[in-house]
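Read through the structure below, which is laid out as structure tokens, and then see the notes.
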Amino acid sequence: MSKASEPRFVTTVIDADPRDGYWVQAVDVDGDGRLDLVASGLTNGEVVWYQNPGWQKRTIATLPKPVALEAADLTGDGRPDLVVCHDYGNCMFNCGPNDGKISWLRNPTADGLDGQWSRHFIADLLAAHRIRIGRFTTDEHLQLAALPVVGPQGGPAGVSAPVRVMVYDRPDDLHGDTSWTGKEVDSASLRTIHGVIVGRFPVESADGRDSMLLASAEGISWLACDDAGIWRQHRIGAGVPPRRSREFPDHEFGGSGNLAVGTIAGRPYAVIIAAEPFHGDTLAAYLRPPGELTLTTEWQRRELEVFPSPDGKHDAVAHHVVAADFDGDGDDEFLVALRGPAPAQGVLYLKLDASGEVLVRDLVTDGSAARIAVADFTGDGRLDFVTTSYDTVGYYEVEEPRIELHRNVFGAPSATPAPPGGDG
């Protein structure tokens with residue numbers, strides 16, 4: 001194996017005063033072939049997009065407590081619309097019966113970049129916290145998977161209760177105010193879901209079917225619908241044992257909190273890097289067993305690192321993980337977003353070999369990072385990434401929140417760079 005490249009990224013500020021910090025995602029909003037950015041946060045509730053190049057900022061909507069975003073062309077006009085879960089409630093420990101809504105926002109940019117985005121109702125779902133679009137039970141039309149972070153009873157009891165995993169079918173009449181038809185996928189076995197990856201993973205079902213990899217209190221799980229229409233779950237790994245949180249001393253968290261899956265040594269889905277547990281301090285690698293490509297075996301877990309608490313009061317939070325081929329050698333590397341405070345802050349770059357040994361470990365940024373968006377933002381054939389600070393009033397705040405572009409200046413350009421994403 002040749003010597004691994006030393007990662008180098010050049011940082012520029014996209015927004016020095018976003019007034020919020022939680023979500024950022026790469027989306028070609030205006031359909032010009034360049035990846036723009038969509039961002040939001042729970043404090044001020046603005047959903048905005050930044051046009052690439054130049055990063056001009058435009059407001060899409062203002063909603064109470066938007067949490068997660070997803071993008072897909074729902075209307076068929078060639079422009080990605082947005083789905084957002086919002087009205088989240090006070091916090092995960094205090095979600096009430098009326099907290100948790102899902103809406104979609106129609107992209108107006110085909111008629112002008114400054115057009116008004118219209119909002120349309122999808123469903124009520126208490127504590128809806130992650131959403132993903134795919135084709136889970138059929139390859140004929142798009143569906144929406146929605147995953148709360150706590151159980152449907154809400155309040156403190158909901159934190160330790162199983163969540164309601166839902167899948168919604170897109171209606172024929174998108175512009176009506178009726179809710180989308182939803183089906184409960186699981187309501188008995190998964191608690192505190194925080195990370196979700198959707199893809200066409202190796203499944204024993206029809207071609208074109210998407211399934212999910214989940215990080216929850218139960219660890220890493222694969223959730224898929226078979227040809228008989230039955231949803232099946234397989235446990236890949238159990239994560240860490242429950243342990244008491246410094247930030248929430250009345251609660252224990254175990255299992256896994258976020259994940260990304262990558263290709264190494266030519267083996268797709270070779271390794272999962274997980275941040276454990278929920279808002280956790282532990283990084284672990286799950287190695288797929290040799291042999292047949294399948295997710296239905298227990299993977300080997302290897303603990304990579306445990307971050308010490310920065311100050312004895314905060315958990316050293318690894319909040320988000322992504323996988324992508326940044327150096328251009330055909331293998332994936334991993335980025336881990338560290339919320340902070342320092343020194344557990346910034347973006348950690350990891351390159352592993354097929355046995356799970358860490359070849360390169362480098363802190364490539366030093367600001368608070370809540371989430372990471374990966375794409376070739378400059379058009380030079382190399383994958384860059386964007387970070388947003390973790391800045392939420394009443395929970396965790398930073399003095400100078402930023403949205404920043406970290407331009408790749410070391411990787412080998414590719415004529416066919418990977419699509420944006422790679423995250424959970």
Side-chain angles (χ1 to χ4, degrees), residues 20-23 40-45 63-70 84-102 123-132 145-166 186-196 214-219 221 239-240 242-259 274-281 313-321 337 339-340 368 370-371 388 390-397 424:
D20 234 332
Y22 187 78
W23 198 271
S40 66
L42 283 77
T43 300
N44 292 296
L63 301 166
K65 292 226 173 180
V67 182
L69 299 167
E70 180 66 300
V84 57
C85 54
H86 55 95
D87 284 69
Y88 176 62
N90 185 45
C91 66
M92 67 179 290
F93 307 104
N94 189 19
C95 293
N98 297 318
D99 294 330
K101 300 185 183 301
I102 308 171
D124 292 312
L125 182 63
L126 187 139
H129 191 260
R130 293 291 181 262
I131 48 179
R132 286 289 187 265
L147 305 101
V149 70
V150 301
Q153 58 270 67
V159 178
S160 57
V163 307
R164 292 181 68 209
V165 180
M166 299 290 296
D186 188 291
S187 62
S189 59
L190 295 163
R191 298 166 297 135
T192 321
I193 297 175
H194 190 256
V196 186
L214 307 176
S216 72
E218 279 63 48
S221 304
V240 298
R243 56 205 191 192
R244 195 160 300 280
S245 167
R246 291 183 179 87
E247 294 178 338
F248 309 109
D250 293 335
H251 295 273
E252 290 185 337
F253 295 109
S256 298
N258 208 270
L259 76 166
E276 299 177 335
F278 168 82
H279 282 202
D281 61 0
K313 297 182 296 183
H314 289 89
D315 298 322
V317 175
H319 191 253
H320 190 212
V321 188
R339 184 203 68 185
S368 172
R371 286 190 69 86
T388 184
Y390 199 121
D391 189 58
T392 301
V393 170
Y395 173 45
Y396 185 84
E397 301 173 56

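When ring centroids are compared, Phe93 and His251 come within the 6.0 Å threshold. In this structure, the ring of Tyr396 has its center no less than 6.0 angstrom from the ring center of Tyr22. Aromatic ring centres of His319 and Tyr390: separated by under 6.0 Å.
Thr388 and Gly21 make their closest contact through OG1-CA, 3.8 Å (heavy atoms, listed as atom of the first residue, atom of the second, distance). Scanning both residues, Ala337 and Ala370, for their nearest heavy atoms gives CB-O, 4.0 Å. When all heavy atoms of Pro97 and Leu126 are compared, the closest pair comes out as CA-CD1, 3.8 Å. The minimum heavy-atom distance between Tyr88 and Ala128, with the atom names listed, is CD1-O, 3.9 Å. When all heavy atoms are compared, the tightest approach of Gly195 to Asn258 is CA-ND2, 3.8 Å. The heavy-atom pair separating Pro148 from Val163 by the smallest distance is O-CG1, 3.7 Å.
Of the inter-residue distances, the one linking Leu125 atom CG with Leu147 atom CG reads 8.5 Å to the nearest 0.5 angstrom. The OG atom of Ser216 sits 13.0 Å away from the CZ atom of Phe253 when rounded to the nearest 0.5 Å. Within the model, atoms OG1 of Thr43 and CD of Glu397 stand 7.0 Å from one another, a figure rounded to the nearest 0.5 Å. Put simply, CG on Asp391 and CG on Leu42 are 11.0 Å apart, with the number rounded to the nearest 0.5 Å. Atoms NE2 and CG, from His86 and Leu69 in turn, are 10.5 Å apart once rounded to the nearest 0.5 Å. Rounded to the nearest 0.5 Å, atoms NZ (Lys65) and SG (Cys85) are 13.0 Å apart.
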*asked:* Applying side-chain contact (heavy atoms from CB on, under 4.5 Å) to Arg246 and Lys313, what does each step give before you reach the verdict?
replied: CA-CA 6 Å; Arg246 291 183 179 87; Lys313 297 182 296 183; over 6 Å; no
*Take Leu214 and Val196 through the test side-chain contact (heavy atoms from CB on, under 4.5 Å) and record every step on the way to the result.*
CA-CA 5 Å; Leu214 307 176; Val196 186; 3.7 Å; yes
*Does the side-chain contact (heavy atoms from CB on, under 4.5 Å) test come out yes or no for Ser221 and Leu190, once each step is laid out?*
CA-CA 9 Å; Ser221 304; Leu190 295 163; 4.0 Å; yes
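Judged purely by distance below 3.5 Å, without hydrogens or angles, the side chains of Arg371 and His320 pair a donor atom with an acceptor atom.
Remark: side-chain polar atoms of Glu218 are paired, donor with acceptor, to backbone N or O of Arg191 under 3.5 angstrom. Not one N or O on the side chain of Asp87 forms a donor-acceptor pair closer than 3.5 Å with the backbone of Lys101. With hydrogens and angles ignored, the 3.5 Å screen pairs no side-chain donor or acceptor of Asp186 with any backbone N or O of Val165.
Considering only heavy atoms from C-beta on, Asp315 stays 4.5 Å or farther from Arg339 through its side chain. Under the 4.5 Å side-chain criterion, counting only non-hydrogen atoms from C-beta, Arg130 is in contact with Val67.
For the pair Arg243 and Glu252, the salt-bridge criterion is not met [side-chain N within less than 4.0 Å of a carboxylate O].
The list of salt bridge (charged side-chain N to carboxylate O under 4.0 Å, His left out) pairs with a residue in residues 148-166, not counting sequence neighbours, reads Arg164-Glu184.
Under the 30°/60° scheme for interplanar angles, the aromatic rings of His129 and His194 are found to be tilted.
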